[in-house]
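Handing you this structure, nothing more for now.
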Amino acid sequence: MGDEKLTTCLWFDGQAEEAANHYVSIFKNSRLGDVQRVGEGGRGEPGSVMTIEFELNGQKFVGLNGGPEFKFNESVSFQIPCDDQAEVDYYWDRLTEGGEESYCGWLKDKFGLSWQVIPTVLYELMSDPDPEKAKRASQEMLSTVGKLDIAKLKKAHAGG
């Protein structure tokens, strides 16, 4: 995993390995990478995971067991573009297990990390050259608590 792409570092409080395994189990094109363990005199229990590398759909991550000082918040999230409702449902159901739903297709997973599960058709609907259609699709998205529903977005876009 040592090439020149960006890698996102996620700070956990002792849950980095659990989180990496959880995410790799959800995203189909994923893999675990190197694990660095705490040595004698290091921060944490010797032999415990200090960092774990993992890749989700080509995006590289490092999970760092940094301690309780920092927590995830909504100022950073990961968007998952989905081709159809089945894909939206899959990611939504897996990532909300032990987490919580939010507005506009956003959620927090059981580790507190924010995700937005977005049907790709939403981009088309919201960029329609007809401003009224685009506005209706946008309003449907903004008024949704929880998972986005493609049929409802299309219905709003069409004016129904």
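Nothing here was measured: the structure is a model prediction, and the numbers come from that model. Side chains included, hydrogens not; waters and symmetry mates left out as well; all remaining heavy atoms used.
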Interatomic spacing from CG in L107 to CG in D93 - rounded to 0.5 Å: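 Rounded to the nearest 0.5 Å, the CG-CG separation comes out at 10.5 Å.
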Qualifying residue for ring-ring contact (aromatic ring centres under 6.0 Å, His included) with W115, from F72, F27, W92, Y91: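 Between W115 and the candidates, ring-ring contact (aromatic ring centres under 6.0 Å, His included) is satisfied uniquely by F27.
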S143 (side chain) donor-acceptor with Q139 (main chain) under 3.5 angstrom: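 Side chain of S143 to backbone of Q139: a pair is present.
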Sidechain-backbone polar pair: R136 side chain, A156 backbone, donor-acceptor under 3.5 Å: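 Yes, R136 side chain to A156 backbone: donor-acceptor pair under 3.5 Å.
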Members besides Y103 in its Ile/Leu/Val/Met/Phe/Trp/Tyr cluster (side-chain heavy atoms under 4.5 Å):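 Under the 4.5 Å side-chain rule, Y103 groups with V145.
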Crowding at NZ, K154 (>12 non-hydrogen neighbours, <6.0 Å):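 Atom NZ in K154 is not crowded, with 12 or fewer foreign heavy atoms closer than 6.0 Å.
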Co-members of the apolar cluster containing Y123 [side chain, <4.5 Å]: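 Noted: Y123 shares its cluster with I118, V121, L122, L125, M126, M141, L142, L148, I150, L153.
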Any donor-acceptor pair under 3.5 Å from S77 side chain to E74 backbone: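 Here the side-chain-to-backbone pair does not exist.
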Distance in Å, K147 NZ paired with E101 CD, rounded so as to fall on 0.5 Å steps: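 Separation between the atoms: 8.0 Å.
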ILVMFWY network linking I26 to L113, side-chain heavy atoms under 4.5 angstrom: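 Same cluster: I26 reaches L113 through Ile, Leu, Val, Met, Phe, Trp or Tyr contacts under 4.5 Å.
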Within one Ile-Leu-Val-Met-Phe-Trp-Tyr cluster: F78 and F12, side-chain cutoff 4.5 Å: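 Hydrophobic grouping puts F78 with F12.
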Criterion side-chain contact (heavy atoms from CB on, under 4.5 Å) on E45 and V38, from CA distance to verdict: CA-CA 7 Å; E45 184 69 30; V38 175; over 6 Å; no
Expected output: side-chain E140 to main-chain K152 donor-acceptor under 3.5 Å: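 Absent.
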Exercise: identify the closest heavy-atom pair between V76 and S114: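 Scanning both residues completely, I find the closest heavy atoms to be O-CB, 3.7 Å.
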F61 reachable from W11 in the ILVMFWY side-chain graph, under 4.5 Å edges: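 Per the 4.5 Å side-chain linkage, W11 and F61 are not co-clustered.
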N29 (side chain) donor-acceptor with L56 (main chain) under 3.5 angstrom: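 Not a single qualifying donor-acceptor pair exists.
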Donor-acceptor contact present, side-chain D34 to main-chain E53, <3.5 Å: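 The answer is no, because no donor-acceptor pair under 3.5 Å joins these two groups.
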Co-membership, hydrophobic cluster, residues L10 and F111, 4.5 Å side-chain: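 Result: yes, single cluster for both.
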